[in-house]
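Provided herewith is a single structure, encoded as structure tokens, for subsequent inquiry.
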2 protein chains.
Amino acid sequence: MSQGEGVDLETSLGYLLKEASSALRSAMEEVLRPLGMSVTHYSCLELLAQRPGLSSSELARGAFVTRQSMNTLLQSLERGGEVTRPARAPVGKVLPTRLTAHGRRRLAAASAAVRSVEVRMLAGLSEDEQADALRLLRSMTQALRGDGEAREQG
Amino acid sequence: MSQGEGVDLETSLGYLLKEASSALRSAMEEVLRPLGMSVTHYSCLELLAQRPGLSSSELARGAFVTRQSMNTLLQSLERGGEVTRPARAPVGKVLPTRLTAHGRRRLAAASAAVRSVEVRMLAGLSEDEQADALRLLRSMTQALRGDGEAREQG
DNA sequence: TGACTCATGTCAGGAGTCTGACATACGCTT
DNA sequence: AAGCGTATGTCAGACTCCTGACATGAGTCA
């Protein structure tokens, strides 16, 4: 510990990452609130728009929550008529989920709101810097996930 | 596998930021769990080590939780003998919090564990890239915070 | 074919965090 | 000096998300 005391939070990438993520989440909640939508709710819809037929578990991984939490959300979204799931699994236990027309409309509004936040976040960053940020973030995530093993990607 | 086209999540800085943050949090929880410590718990201790005498509200802002949540945590930390707060406020209502020797020992173990995670996260990034990441993250956070309008003051 | 492994959906219980509300203490303006 | 707005600490209730556990269905291999 003799050398570790001078951990300046302002130069800790971990802290800054958390700070940025927190700021992004707050900003998203702020613009989503008027629409009566949570960040997880929006994430779920966005995921479904891009990859129709995803299962609850796949949606959960994509939105970074547990499959139990996602399942609870999906049940309410089904009641609200934003998504549909077959009563019985076509194959296995997997219930493919799809957006309804209503869900798509809800997503459209939310997507525009979220996009404005992202635009604001990127303000002041050049194209090259944005590309750098993408690459850096990917590198960090991959390093955190893979336990010291180089994993090839498609 | 079934990658569509349209809006690609893989090129959304917001999504990647959330993904990286999620991976970091998971990694931290994993190494902190054996110590019986949560991420917020660790953050609180780390903050106190660097800025002794912080109030509950200041700690809350630094750890990105509400002051109510931080207060609940501080009460349990007080019971556990990791921090101390005066019974009455020296000035105003602010109760300056400080680490005890026990708290410092707890932090030392946690800090080492977290440091290993951060080292892993930074693996594969050059000094320059790390500096870039810091700068980029700061820029995004600042752009997100100034949501109202020009009312910024460091 | 049968055992084993893995993934999924779901139920139940609990820990952590948030919103809302209230009293108190400080600084600034009038 | 008094009023007003802001910030803090705290209590209470509600909610979200998580951990743990169970049964079911698919894929793999002997």
Side-chain angles (χ1 to χ4, degrees), chain A residues 18 21-22 25-26 28-30 32-34 36-44 47 51 53-80 83-98, chain B residues 1 18 21-23 25-30 32-45 47 51 53-80 83-98 148 151 153:
Chain A
K18 188 175 178 180
S21 179
S22 174
R25 188 176 190 85
S26 292
M28 286 178 68
E29 284 172 346
E30 189 178 340
L32 252 20
R33 193 183 332 261
M37 203 178 289
S38 71
V39 174
T40 303
H41 183 159
Y42 160 73
S43 300
C44 176
L47 247 5
R51 323 251 277 266
L54 282 186
S55 70
S56 178
S57 289
E58 292 169 320
L59 248 13
R61 282 191 290 270
F64 310 107
V65 296
T66 62
R67 63 185 194 275
Q68 291 90 329
S69 295
M70 182 53 72
N71 206 3
T72 301
L73 173 62
L74 283 180
Q75 287 172 3
S76 80
L77 293 191
E78 255 188 305
R79 279 196 301 276
V83 306
T84 50
R85 283 192 295 179
R88 291 222 327 281
V91 54
K93 297 190 65 177
V94 178
L95 295 174
T97 311
R98 288 177 181 282
Chain B
M1 320 250 279
K18 189 174 178 181
S21 179
S22 174
R25 186 175 190 86
S26 291
M28 285 179 69
E29 285 172 346
E30 189 178 341
L32 253 20
R33 192 182 329 261
L35 302 173
M37 205 178 288
S38 70
V39 174
T40 303
H41 183 160
Y42 160 72
S43 299
C44 176
L45 261 34
L47 246 7
R51 322 250 277 269
L54 281 188
S55 71
S56 179
S57 289
E58 292 169 322
L59 248 13
R61 281 191 290 270
F64 310 108
V65 296
T66 62
R67 63 185 194 274
Q68 292 90 330
S69 295
M70 182 53 72
N71 205 5
T72 301
L73 173 62
L74 283 180
Q75 286 172 2
S76 80
L77 294 190
E78 254 188 307
R79 279 196 301 276
V83 306
T84 50
R85 284 192 294 180
R88 290 223 327 282
V91 53
K93 295 190 67 177
V94 177
L95 294 175
T97 312
R98 288 176 181 281
R151 71 162 290 285
Q153 198 269 331

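Naming convention: chains lettered A, B, ... in sequence-line order (proteins, then strands); numbering from 1 in each chain.
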Reading nucleotides 3-14 of chain C 5' to 3', which nucleotides get B (base under 4.0 Å from a protein heavy atom), which S (sugar-phosphate only), which -?
-> -----BBBB---
Looking at residues at least two apart in the chain, or sitting in another chain, which of them share a side-chain contact (heavy atoms from CB on, under 4.5 Å) with A/Val94?
-> A/Ser55
Not counting sequence neighbours, which residues clear salt bridge (Lys or Arg N to Asp or Glu O under 4.0 Å) with B/Glu30? List them please.
-> none
Between A/Ser56 and A/Leu95, is any pair of side-chain heavy atoms under 4.5 Å apart?
-> no
Have a look at the helix from C/dT1-D/dA30 to C/dT30-D/dA1 and give the angle its two end axes make, five pairs each, rounded to 10 degrees.
-> 30°
With sequence neighbours excluded, residues passing side chain to side chain donor-acceptor pair (under 3.5 Å) with B/Ser21 =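 Testing B/Ser21 for side chain to side chain donor-acceptor pair (under 3.5 Å), a comparison that skips the adjacent residues, returns A/Ser21.
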Expressed in angstrom and rounded to an integer, what is the separation of B/Leu74 atom CG from C/dT17 atom P?
-> 12 Å
Partner residues of A/Ser38 under the side-chain contact (heavy atoms from CB on, under 4.5 Å) criterion, sequence neighbours left out = A/Thr40, A/His41
Under 3.5 Å: donor-acceptor pair, side chain of B/Ser26, backbone of B/Ala23 |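 Absent.
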Value in whole Å for how far the C1' atom of C/dT17 lies from CD of A/Glu29 | 12 Å
I'd like a list of close polar pairs between nucleotides 14-17 of chain D and the protein, N/O only, cut-off under 3.5 Å.
{"unit_1": "D/dC17", "atom_1": "OP1", "unit_2": "A/Thr40", "atom_2": "OG1", "d": "3.4"}

Listed by chain and number, what are the side chain to side chain donor-acceptor pair (under 3.5 Å) partners of A/Thr97, not counting sequence neighbours?
-> none
Output every pair passing salt bridge (Lys or Arg N to Asp or Glu O under 4.0 Å) with a member in residues 33-44 of chain B, not counting sequence neighbours, ordered by first then second residue.
->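 Checked against salt bridge (Lys or Arg N to Asp or Glu O under 4.0 Å) - neighbours excluded - no pair reaches residues 33-44 of chain B.
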Mind jotting down which residue pairs meet the salt bridge (Lys or Arg N to Asp or Glu O under 4.0 Å) criterion with at least one end in residues 63-79 of chain A? Sequence neighbours excluded, please.
->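 Listed once each, the pairs are A/Glu78-A/Arg85.
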Applying side-chain contact (heavy atoms from CB on, under 4.5 Å) to A/Thr66 and not counting sequence neighbours gives A/Gln68, A/Ser69
